[in-house]
Amino acid sequence: MTTPRRRDGAPPSLRDEVTDAVYALGWTVVRKMPESIARLAFTAIADRTWHRYGSGVRQLEANLCRVLGKDAVDDEVRVLSKKVLRSYLRYWLEVFRLPEYDKARILGRMRVTGEKKIFTNLDSGRGVILALPHMGNYEHAGAWLVHCGYPFTTVAERLEPASLFDRFVEFRESLGMEVLAHKGASAYGRMAQRLRAGRPVCLVVDRDLTDSGIDVEFFGATARMPAVSAALALQTGAALIPVTLWYEGEYWAARVHEEIPVPDAGARQEKIQAMTQELAHVFEEGIAAHPEDWHMLQKVWVDDPAGGRGAGGGR
């Protein structure tokens with residue numbers, strides 16, 4: 001039996017193996033335990049993480065300062081960041097338990113406005129790009145779309161260890177999604193094929209994970225966002241439709257915004273820039289309305305140091 005190795009050729013580290021084991025536990029033990037007990041446990045994890053005030057929480061609070069228009073962390077930001085951590089851990093709890101939810105629960109507890117924009121385009125044979133930020137539970141939203149009769153294609157960031165990436169792919173495919181690895185021209189080409197065939201593609205695009213992002217104005221400062229959703233719409237003629245997500249008590253909620261049209265004038269890159277900027281403005285609106293459900297614990301703005309703007313204060 002050969003020793004498994006990471007994608008960079010190195011053998012898996014102890015941390016990699018532990019990480020994979022933790023996620024495996026989530027999809028087995030957490031998936032089957034009583035939901036009320038699981039929710040209490042994940043809320044406690046969220047609160048402990050918040051009290052530890054590590055780099056992820058400090059970066060989260062820096063991001064919330066941008067959203068709220070504040071120069072430094074204060075009591076309002078601290079209270080809000082605790083709510084975000086609870087929302088974020090709710091997302092993970094639901095990821096682990098989602099395979100147990102039946103169709104009636106997934107459809108019955110989803111509150112969506114504007115969904116006809118999606119269905120009308122797809123029913124006419126036109127592809128749709130659903131562009132989302134890291135809000136609410138987009139895994140559940142994906143399951144909802146599949147149960148509505150519209151299986152879709154998405155991409156997944158490569159994770160280490162490889163077995164963890166494989167678990168996420170298996171999880172999403174079990175919900176009816178087609179999952180492509182994030183990197184590589186082949187993923188872009190396959191998404192374009194699906195769109196030309198009149199199928200939906202769902203992409204989370206409020207943070208750039210490549211070197212090809214576009215600088216946009218986002219909450220009054222420069223942030224970098226992926227160009228892929230605008231580029232696909234321009235190339236394939238598919239509708240680019242933003243969606244924002246949040247929680248409403250025990251329900252999941254979503255707003256399907258108006259389509260972002262391709263500008264009539266300008267060179268290709270200018271059109272992509274304009275469409276991505278408009279997407280950023282729509283995300284601003286959705287995040288400002290529900291900042292407690294924006295799960296962004298990583299750097300977003302170009303001029304922010306890693307670890308958090310104003311992270312030293314407000315404890």
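This chain uses plain numbering: 1 for the first residue, then up along the sequence.
- The ring-ring contact (aromatic ring centres under 6.0 Å, His included) search around H290 returns W246, not counting sequence neighbours.
- For the atom pair CG of L85 and NE2 of H295, the computed distance is 9.0 Å after rounding to the nearest 0.5 Å.
- Counting only heavy atoms from C-beta outward, the side chains of L279 and S229 approach each other to under 4.5 Å.
- With no hydrogens or angles considered, no side-chain donor-acceptor pair links Q193 and Y188 at under 3.5 Å.
- A254 approaches V243 most closely through the heavy-atom pair CB-CG1, 4.2 Å.
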Sequence neighbours left out, cut at 3.5 Å: what donor-acceptor pairs do the side chains of residues 90-99 make with other protein atoms?
{"unit_1": "R90", "atom_1": "NE", "unit_2": "E94", "atom_2": "OE2", "d": "2.8"}
{"unit_1": "R90", "atom_1": "NH1", "unit_2": "G249", "atom_2": "O", "d": "2.7"}
{"unit_1": "R90", "atom_1": "NH2", "unit_2": "G249", "atom_2": "O", "d": "3.1"}
{"unit_1": "Y91", "atom_1": "OH", "unit_2": "E139", "atom_2": "OE2", "d": "3.0"}
{"unit_1": "W92", "atom_1": "NE1", "unit_2": "Y88", "atom_2": "OH", "d": "3.2"}
{"unit_1": "E94", "atom_1": "OE1", "unit_2": "N137", "atom_2": "ND2", "d": "2.8"}
{"unit_1": "E94", "atom_1": "OE1", "unit_2": "Y247", "atom_2": "OH", "d": "3.0"}
{"unit_1": "E94", "atom_1": "OE1", "unit_2": "W252", "atom_2": "NE1", "d": "2.9"}
{"unit_1": "E94", "atom_1": "OE2", "unit_2": "W252", "atom_2": "NE1", "d": "3.4"}
{"unit_1": "R97", "atom_1": "NH1", "unit_2": "V30", "atom_2": "O", "d": "2.8"}
{"unit_1": "R97", "atom_1": "NH1", "unit_2": "M33", "atom_2": "O", "d": "2.6"}
{"unit_1": "R97", "atom_1": "NH2", "unit_2": "M33", "atom_2": "O", "d": "3.3"}

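- For the side chain to side chain contact (heavy atoms under 4.5 Å, CB included) test, residues two or more places apart in sequence or in another chain that qualify with K83 are V79, E292.
- At a threshold of 4.5 Å between non-hydrogen side-chain atoms, the residues R207 and M225 do not count as touching.
- Separating the CG atom in N63 from the CG atom in L68 is a distance of 11.0 Å, to the nearest 0.5 Å.
- Residues L203 and V228 meet the side-chain proximity criterion, which asks for heavy atoms closer than 4.5 Å.
- Considering only residues two or more places apart in sequence or on other chains, S81 meets the side-chain hydrogen bond (donor to acceptor under 3.5 Å, both in side chains) condition with W50, E61.
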Could you give the side-chain donor-acceptor pairs of residues 146-153 under 3.5 Å, partners two or more places apart or in another chain?
{"unit_1": "Y150", "atom_1": "OH", "unit_2": "D123", "atom_2": "OD1", "d": "2.8"}
{"unit_1": "Y150", "atom_1": "OH", "unit_2": "D123", "atom_2": "OD2", "d": "3.4"}
{"unit_1": "T153", "atom_1": "OG1", "unit_2": "E178", "atom_2": "OE1", "d": "2.5"}

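- Residues P291 and V84 have side chains not in contact (no heavy-atom distance under 4.5 Å, counting atoms from C-beta outward).
- From L89, atom CG reaches atom CZ of R48 across 10.0 Å, with rounding to the nearest 0.5 Å.
- The side-chain hydrogen bond (donor to acceptor under 3.5 Å, both in side chains) check on E284 picks up H281, with sequence neighbours excluded.
- When atom types are taken as modelled, the side chain of N121 and the backbone of K117 share a donor-acceptor pair closer than 3.5 angstrom.
- With contacts defined as side-chain heavy-atom distances shorter than 4.5 Å, the pair L145/F119 qualifies.
- Counting heavy atoms from C-beta outward, V204 and P133 have side chains that stay 4.5 Å or more apart.
- Residue pairs satisfying the salt bridge (charged side-chain N to carboxylate O under 4.0 Å, His left out) criterion with at least one member in residues 266-280, sequence neighbours excluded, are absent.
- L180 and A187 make their closest contact through CD1-O, 3.6 Å (heavy atoms, listed as atom of the first residue, atom of the second, distance).
- Looking only at distances, no side-chain donor or acceptor of T236 sits under 3.5 Å from a matching main-chain atom of A192.
- With sequence neighbours left out, H134 forms a side-chain hydrogen bond (donor to acceptor under 3.5 Å, both in side chains) with D206.
- The salt bridge (charged side-chain N to carboxylate O under 4.0 Å, His left out) analysis of residues 102-115, with sequence neighbours excluded, yields the pairs E35-R105, R111-E248.
- Contact annotation: the side chain of T244 never approaches that of L132 to less than 4.5 Å [non-hydrogen atoms, C-beta and beyond].
- Here the straight-line distance linking atom OG of S55 with atom CG of L60 works out to 11.0 Å at 0.5 Å rounding.
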Evaluate D303 against R66 for salt bridge (charged side-chain N to carboxylate O under 4.0 Å, His left out), listing each step before the verdict. CA-CA 12 Å; D303 63 352; R66 295 285 195 185; 2.5 Å; yes

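- For D264, the side chain to side chain contact (heavy atoms under 4.5 Å, CB included) criterion is met by no residue, not counting sequence neighbours.
- Under a hydrophobic-cluster definition in which Ile, Leu, Val, Met, Phe, Trp and Tyr are linked whenever side-chain heavy atoms come within less than 4.5 Å, directly or via other members, L107 and V256 are assigned to the same cluster.
- Proximity of a side-chain donor or acceptor of K82 to a complementary backbone N or O of D47 within less than 3.5 Å is not detected.
- Scored by the side chain to side chain contact (heavy atoms under 4.5 Å, CB included) test, A233 finds I129, L240, M275 as partners (sequence neighbours excluded).
- Minimum interatomic distance between L245 and A141 (heavy atoms only, all atoms of both residues): CD2-CB, 4.0 Å.
- M296 and V282 fall into different hydrophobic clusters, defined by Ile, Leu, Val, Met, Phe, Trp and Tyr side-chain heavy atoms under 4.5 Å apart, directly or through other members.
- Using a 4.5 Å heavy-atom threshold, the side chains of R199 and M191 count as separate.
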Scan the side chains in residues 214-223 for donor-acceptor partners under 3.5 Å anywhere in the protein, sequence neighbours excluded, and list what turns up.
{"unit_1": "D215", "atom_1": "OD1", "unit_2": "R224", "atom_2": "NE", "d": "2.8"}
{"unit_1": "D215", "atom_1": "OD1", "unit_2": "R224", "atom_2": "NH2", "d": "3.0"}

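- The pair R78-D74 does not meet the salt-bridge criterion, since no charged nitrogen lies less than 4.0 angstrom from a carboxylate oxygen.
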